[in-house]
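Down below is the structure, laid out as structure tokens.
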Protein chains: 2
Amino acid sequence: MQDSLSLTFAALADPTRRAMLARLSKGEANVSQLAEPFLKDMSLPAITKHIKVLEKAGLVTKSVEAQYRPCKINQEAFKDVADWMEQYRIFWEESFDRLDAYLKTVVPKKKAKGKKHAVKK
Amino acid sequence: MQDSLSLTFAALADPTRRAMLARLSKGEANVSQLAEPFLKDMSLPAITKHIKVLEKAGLVTKSVEAQYRPCKINQEAFKDVADWMEQYRIFWEESFDRLDAYLKTVVPKKKAKGKKHAVKK
DNA sequence: CTCATAATTAACTAGATAGTTAATTAACGA
DNA sequence: TCGTTAATTAACTATCTAGTTAATTATGAG
């Protein structure tokens, strides 16, 4: 991995981290506040690591306030995901009719020029 | 991991797999057609595995047609991602004003009841 | 039947990820 | 200054991931 979108999706691929984002969508929270619902399941260092993953992914920013580390959602990464999703809108929007129509506009049963990989059927 | 959304995000966290989806968004393709742009970088078994990841994530379905395995995009997983994203719309939509307004509606500098975790400042 | 192509499976490896416990750093309050 | 709380770092481990090569299965073409 390494590219920014991959980092972001990887960060989202964990229920603990998604729950943290859900919490942060309600407002800022420092590390122990974020940790609180999970401390029955995992240690504080584990939480620290999850937050680091969210930061590296650009989904969260953390600041310094005395001994606290208030975290908040960073819009940029969400925008990146939303932008990427745009190209698939046709697939996740309700209308099946429009999908059918769309699928007829692209690659009308392409023959694969060199006829090497031609799809027979 | 294990939950469906985590599987889906994990599948999206790879540029090869995202490129495959982009290809499939233009229309069906069988395994070797999907593989073609990547064979200079990786082997066919690696491709097979990537496709399996996309299938398990529900992003792609594969069928059988003679010796070919035509793949196509499966809408469901995209819908799931889009639905999940909905709750963060306020963050990825352009309007900063509306975000400010929103943030004032939730958690008005909560005091953390037991005063144990009170955010000082 | 035999060969070539499509695709998968098996077995293995390097490196990443997610967690642990123990120790450390920093700031506040008394 | 001393104890407490907030948070991180270090060191380690188990499991997962992404790739490899070699072998195998299945189909259609001649």
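Below, chains carry the letters A, B, ... as their sequence lines are ordered, and counting in each starts from 1. Bear in mind that the values here come from a model prediction, so they are computed numbers and not experimental data.
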Which listed nucleotide (D/dT9, C/dA7, C/dA27) is nearest to the side chain of B/Ser32?
C/dA7
What do the steps show when you test B/Lys72 against B/Val60 for side-chain contact (heavy atoms from CB on, under 4.5 Å), and what is the final call?
CA-CA 6 Å; B/Lys72 63 176 177 181; B/Val60 158; over 6 Å; no
To the nearest 0.5 Å, atom CZ of B/Arg18 lies from atom CG of A/Leu5 at 4.0 Å
Between CG of B/Leu54 and OG1 of B/Thr61, what distance do you get to the nearest 0.5 Å?
11.0 Å
Value in whole Å for how far the P atom of C/dG19 lies from CD of B/Gln2
12 Å
Residue A/Gln67, side-chain atoms from C-beta onward, closest of C/dA7, C/dA27, D/dT8
C/dA27
Atom-pair distance (CG on A/Asp3; P on D/dA18), nearest Å
13 Å
Could you give the CG-to-P distance, from A/Leu39 to D/dA6, as a whole number of Å?
11 Å
Hey, are B/Lys52 and B/Glu55 close enough for a salt bridge, meaning a charged N less than 4.0 Å from a carboxylate O?
no
Closest heavy-atom pair, A/Ala10 versus B/Ala13, reported as atoms and distance to 0.1 Å, is N-CB, 3.4 Å
Distance test, side-chain N/O of B/Lys62 to OP1/OP2 of C/dT8, below 4.0 Å
yes
From the options C/dT20, D/dT8, D/dT27, select the nucleotide whose nearest atom is closest to the side chain of B/Ala66.
D/dT27
Which whole-number value in Å describes the distance from A/Leu44 CG to D/dT4 P?
18 Å
To the nearest angstrom, how far is A/Met42 atom CE from D/dA7 atom P?
17 Å
According to a strict under-4.0 Å criterion, is A/Arg17 in side-chain N/O contact with OP1 or OP2 of C/dA18?
yes
Quick one: which of D/dA18, D/dT21, C/dA6 gets closest to the side chain of B/Asp14?
D/dA18
Nucleic acid contacts of residues 47-61 of chain A, taken as heavy-atom distances under 4.0 Å to DNA chain D:
A/Thr48, A/Lys49, A/Lys52
Provide, to the nearest angstrom, the distance between the OH atom belonging to B/Tyr68 and the C1' atom belonging to D/dA26.
12 Å
Atom CG of A/Asp41 and atom C1' of C/dA18 are separated, to the nearest Å, by 14 Å
Check: B/Ile90 main-chain N/O paired with B/Glu93 side-chain donor or acceptor under 3.5 Å
no
Exactly one candidate in A/Leu21, A/Ile51, A/Leu7 meets side chain to side chain contact (heavy atoms under 4.5 Å, CB included) with A/Leu59; the answer is A/Leu21
Side-chain atoms of A/Pro45 come closest, of D/dT8, C/dT8, D/dA7, to D/dT8
Just how far, in rounded Å, is P of D/dA18 from CZ of B/Phe38?
14 Å
Can you check whether B/Asn30 has a side-chain N or O nearer than 4.0 Å to OP1 or OP2 of C/dA7?
yes
